[in-house]
Amino acid sequence: MNDKQQKLTSVAELEKKRQGLNKQRSSDAPMIAVCCGTGCQAYGGKKIADAFKEEIEKHGLGGKVEVKTTGCHGFCERGLLVVIRPQNYFYQRVRLEDVPEIVSETVIGGKPIERLLYESLATGEKIASEEEVPFYKKQVRLVFGDNGYIDPYEIDDYIAVGGYSAFSKVLSGMTPEQVIDEVRKAGLRGRGGGGFPADIKWQSSREAHGEPKYIICNCDEGDPGAFMDRSLMEGNPHAILEGMMIGAYAVGSSIAYIYIRNEYPLAVKNAYRAIQQAKDYGLLGKNILGSGFDLEIKINRGGGAFVCGESTALMASIEGKVGEPRPKYIHTSHKGLYNKPTVLNNVETWANVPLIINKGADWYSKIGTENSKGTKIFSLVGKINHTGLVEVPMGITLREIVYEIGGGIPGDKKFKAVQTGGPSGGCIPENLLDLPVDFDELTNAGSMMGSGAMIVMDEENCMVDIARYFLEFLEDESCGKCVPCREGLRRMREILDDITQGRGEESHLEMLEEMSEVINDGALCGLGQTAPNPVMTTLKYFRDEYKAHIQDKKCPAGVCKSLITYHIIEEKCTGCKLCVNACSYGAIEFMGKKTPVVLHQSECTKCGACKEVCKLKAIEIR
Amino acid sequence: MVTFKIDGKEIKAKEGQTVLDAATENNIEIPTLCVNESVLPYGACRLCMVDVTKGKRKRTVTSCAYEVAEGIEVDTKSEKVIKIRRMVIELLLARCPESEEIRQMAEKLGVTTTRFKPDEDGDACILCALCTRACREVVGKSAISLINRGTEREAALPFYDEADDCIACGSCVYICPTGAIKMEDKAGTRTISWPNCSQEFKLKACSACGFYFAPEKQLEFMAAESGVELEKLEICMSCRP
């Protein structure tokens, strides 16, 4: 703890501090890195870390082995994650009772524990080291990399791994123009969804008239299934602060805001803590490191309205007004927060900035595709074996993400679609799995990068139902200001209700297409404009499924309750009674042992409990 | 002054003026439902959308908020904007099946029926926010506001019955384009009914002729704002010297 740290007053002092820290630390020193991201904390991350500390003391190794509570490592599905360094033994699904064995066998004995290692899904082979685990092997963890090494609560950890060196480089020898130029050459595009070039925003704001100028970090991540900004803010808040500091210097701003959803308590806590530490170190405040540059960063907590992730709604919310978007024909880089020039970038965009400055635009722009540089973090969720956060170079194919990193679809099911870009993204079918993932390719496929949520769906997902689900989400989150979004999304959802409940008509498809087009052209903000994407892409790629609902009144995936019935396959049923007991409605009648049961359709609520318990696969959906 | 084209016709407009204003001045009609000169542009009804070509870029914008610029080309009747207008009015027809004003606007746009199921409990409010904007921007009170979001959105008093800030001036009634807010003066009482709430206010009798001529709270507000003694304001227009 360095709460009484004296303010650093020059770049030289910061570098001296770093050298001092690194003298005390050796990269070969044994370290137990315990993931304490939100997911792993739910598995008892903090308790397990404390147990490690106790165990280390017990063995008289206090001071020799460091127990580090780190941010999210990304492989959330296998939590709790523990990595033993320097060997980088990767332990998954660690529980409290495993702690003594890990210390005695691995930390002291130097041997990996088979039971806790990752087992290859393909070969069953145990994989010991973190880098070799397929989930990590294809990733390029530039932005996320430090998460597994540093305690987000300790600024010294960040400084020791090179933190704030980009900021000191900027302060000690780069003009604001040079910084913007470097970001331009790097080709950094906004990670929040739109993919707008960051340097253009910065330049435009720098040149705009009006003082003060504002910097905003958008951490109002609200897409279902997305949690990359959360994990960054929780796991490495200083990287985001450093990016904002560099941005503020380049734009000529001395006031910045971080807008965080209040539903992210750990992110809020870590951000507050990081700002306080940066202030204590003299990295925020007046005359930072003796450079004459001033910066204050404030935190605004969002109240949970999805639309507040939209830039103008977010700014209204910071101003204390209702979070509603407004037309932005004059860019927010000229008239944004309080009508002053404002640069708003998302968490991940800011976190990329120190990398670019440190390693240079030439290095950065070699990663990725022609028009999309660097890496992108995706949250990989849904029907996928390896759920978690993955950072990959732009241009990687969807197939590599889903099958190599994600480990494919669980339970021998068939892949159906992957939805990218959150609720307003599109559903991409199997024949486009070799699509290189970057801003433009996804847009061309009718989807979008969005914030980076990837929801994988298998044959048991009904695409009409999926489109309906996302539309309902956006209908609920629409602020209600403009007619196309407020009234239009509701009507589209009503049509999809009709289709999924067996009242679909041929004319509905054309009407959905017409409405999608109008809402896309006519809605006020990005939420409304992109809201029809799931409907448009499913209509484009899965039209047959819509037709089955409308013409045959059937749901091929067996999801839409009004269109399905459960049946007993008599040849397979042995009358074991499992389903009879599972049915809460008494819809299945026991007819005696070794005699098939009888399902009474009139009593059946189609909950699926019977099918789930049946071990003989004697219940089918028609 | 800037020079630009609307529907092929070259016109001049003042810098900072909106495309809608410039069009209106030149007798080019663009339909609107949420525009009123007393309040700032809002961009909610989307009827006034036009195509604007600026250099190589063509986009569809709300003319009520988009400012004129040198050399732009505006198309107020493109296929795309006509489509948007018709869909918007079709949606509003279903939302407000009883509203005569919406029906007239629909007719003007060539729409006579709606493919959507009319709302059974539909009132005439189209949520254009003219009432709440007038109350905030013109009167300076914010006595009513838009509450909830999305399809649940409505214009109402706080908690539907908190009328402390309302001075019963009736600005919201006068500005409402669809008659969704009603006002009645009867026996010394003014009743204002918003779509989901209603309040009664005392009227002041003229100190000379005894005619109930204005809400008490409005007179008090005027006195406080202007510094004129309340007694002097308590005389109706006909009796004032």
Side-chain angles (χ1 to χ4, degrees), chain A residues 303-308 312-313 321-330 335 471-495 497-498 503 505 507-508 510-525 527-529 531, chain B residues 16 18-19 33-34 40-49 51-52 54 59-67 69 78-96 114-117 119 122 126-129 132 136 145-155:
Chain A
F306 180 74
V307 73
C308 282
T312 57
K321 297 176 186 155
V322 176
E324 278 171 14
R326 57 174 169 78
K328 40 180 174 182
Y329 302 133
I330 298 171
K335 284 188 174 177
L471 210 59
E472 191 178 30
F473 174 85
L474 292 166
E475 176 195 357
D476 191 43
E477 292 294 346
S478 162
C479 77
K481 181 171 174 176
C482 75
V483 178
C485 179
R486 183 188 67 233
E487 304 292 331
L489 295 186
R490 163 167 78 115
R491 298 300 183 175
M492 283 179 79
R493 196 258 308 141
E494 284 175 5
I495 295 174
D497 279 348
D498 282 347
R503 299 184 299 271
E505 294 165 18
S507 62
H508 279 159
E510 262 173 50
M511 203 152 153
L512 284 174
E513 275 164 340
E514 183 189 339
M515 295 182 76
S516 296
E517 197 187 318
V518 167
I519 296 170
N520 185 245
D521 291 332
L524 194 161
C525 80
L527 188 157
Q529 288 159 8
Chain B
T18 63
V19 167
L33 277 170
C34 72
L40 296 170
Y42 190 60
C45 79
R46 319 306 280 174
L47 282 184
C48 74
M49 290 195 97
D51 279 344
V52 169
K54 188 179 188 181
R59 55 202 286 220
T60 311
V61 303
T62 42
S63 59
C64 68
Y66 194 90
E67 291 180 9
S78 75
E79 197 188 329
K80 192 194 263 182
V81 303
I82 299 285
K83 244 184 179 176
I84 295 172
R85 285 177 200 157
R86 288 194 174 151
M87 179 60 78
V88 163
I89 206 70
E90 210 184 322
L91 289 164
L92 289 179
L93 268 180
R95 179 189 166 86
C96 312
T114 176
R115 287 169 287 177
F116 308 107
K117 193 170 160 262
D119 282 348
I126 55 166
L127 294 168
C128 65
T132 58
R136 184 179 66 236
S145 56
L146 291 166
I147 60 167
N148 298 329
R149 72 167 182 242
T151 48
E152 304 285 307
R153 191 173 166 101
E154 50 191 342

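Convention: sequence-line order gives letters A, B, ...; per-chain numbering from 1.
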> Please look at A:I330 and chain B and tell me whether the side chain, the backbone, both or neither of the residue comes under 4.5 angstrom of a heavy atom of that chain.
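Contact with chain B: side chain only.
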> Side chain, backbone, both or neither: which part of A:R326 has a non-hydrogen atom closer than 4.5 Å to chain B?
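When you check distances to chain B, no heavy atom of A:R326 falls under 4.5 Å.
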> Pick one of side chain, backbone, both or neither for B:A94, based on which atoms fall under 4.5 Å of a heavy atom in chain A.
both
> Count the heavy-atom pairs under 4.5 Å between each of A:D521, A:L474, A:V307 and chain B, then report the option with the highest count.
A:D521
> For A:K335, is the NZ atom crowded, meaning more than 12 foreign heavy atoms sit under 6.0 Å from it?
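At most 12 heavy atoms, drawn from other residues, nucleotides or ligands, come within 6.0 Å of this atom.
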> With only heavy atoms counted, which part of B:R86 is less than 4.5 Å from chain A, the side chain, the backbone, both or neither?
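For B:R86, neither part sits under 4.5 Å from chain A.
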> If you measure from CG on B:L127 to CD on A:E487, what distance do you get to the nearest 0.5 Å?
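One gets 7.0 Å once the value is rounded to the nearest 0.5 Å.
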> Against chain A, label B:R46 side chain, backbone, both or neither, depending on which of its atoms sit under 4.5 Å from a heavy atom there.
side chain
> Which answer fits B:L47, side chain, backbone, both or neither, if we ask what part of it has an atom under 4.5 Å from a heavy atom of chain A?
neither
> Going from CZ on B:R59 to OH on A:Y329, what distance comes out if it is rounded to the nearest 0.5 angstrom?
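The CZ atom of B:R59 sits 6.5 Å away from the OH atom of A:Y329.
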> Taking B:R85, B:K117, B:E67, B:E90 one by one, which has the highest count of heavy-atom pairs under 4.5 Å against chain A?
B:K117
> Which answer fits A:A523, side chain, backbone, both or neither, if we ask what part of it has an atom under 4.5 Å from a heavy atom of chain B?
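The answer is the backbone of A:A523.
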> Let me know if B:E152 has heavy atoms under 4.5 Å from chain A in its side chain, its backbone, both or neither.
neither
> Between B:Y42 and A:E324, does a side-chain contact (heavy atoms from CB on, under 4.5 Å) hold up when you go through it step by step?
CA-CA 11 Å; B:Y42 190 60; A:E324 278 171 14; 3.7 Å; yes
> Give, for atom CZ of B:R95 and atom CZ of A:R490, the distance between the pair rounded to the nearest 0.5 Å.
7.0 Å
> Using only atom types and a distance under 3.5 Å, with no angle test, would you say the side chain of B:Y66 pairs donor to acceptor with the backbone of A:P327?
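Not confirmed, B:Y66 side chain does not pair with A:P327 backbone.
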> Got a second to check how far B:T151's OG1 is from A:R491's CZ, nearest 0.5 Å?
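It comes to 10.5 Å.
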> Using 0.5 Å steps for rounding, measure from the CZ atom of B:R115 to the CE atom of A:M511.
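Rounded to the nearest 0.5 Å, the CZ-CE separation comes out at 4.5 Å.
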> Look only at the side chain of B:R149 and the backbone of A:D476, and say whether a donor-acceptor pair between them is shorter than 3.5 Å.
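Answer holds: yes.
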> Go through B:L91, B:N148, B:L92 and name the one with the most non-hydrogen pairs under 4.5 angstrom from chain A.
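With the most close heavy-atom pairs to chain A, the winner is B:L91.
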> Can we say A:E517 and B:K83 salt-bridge, meaning some charged N sits less than 4.0 Å from an Asp/Glu carboxylate O?
yes
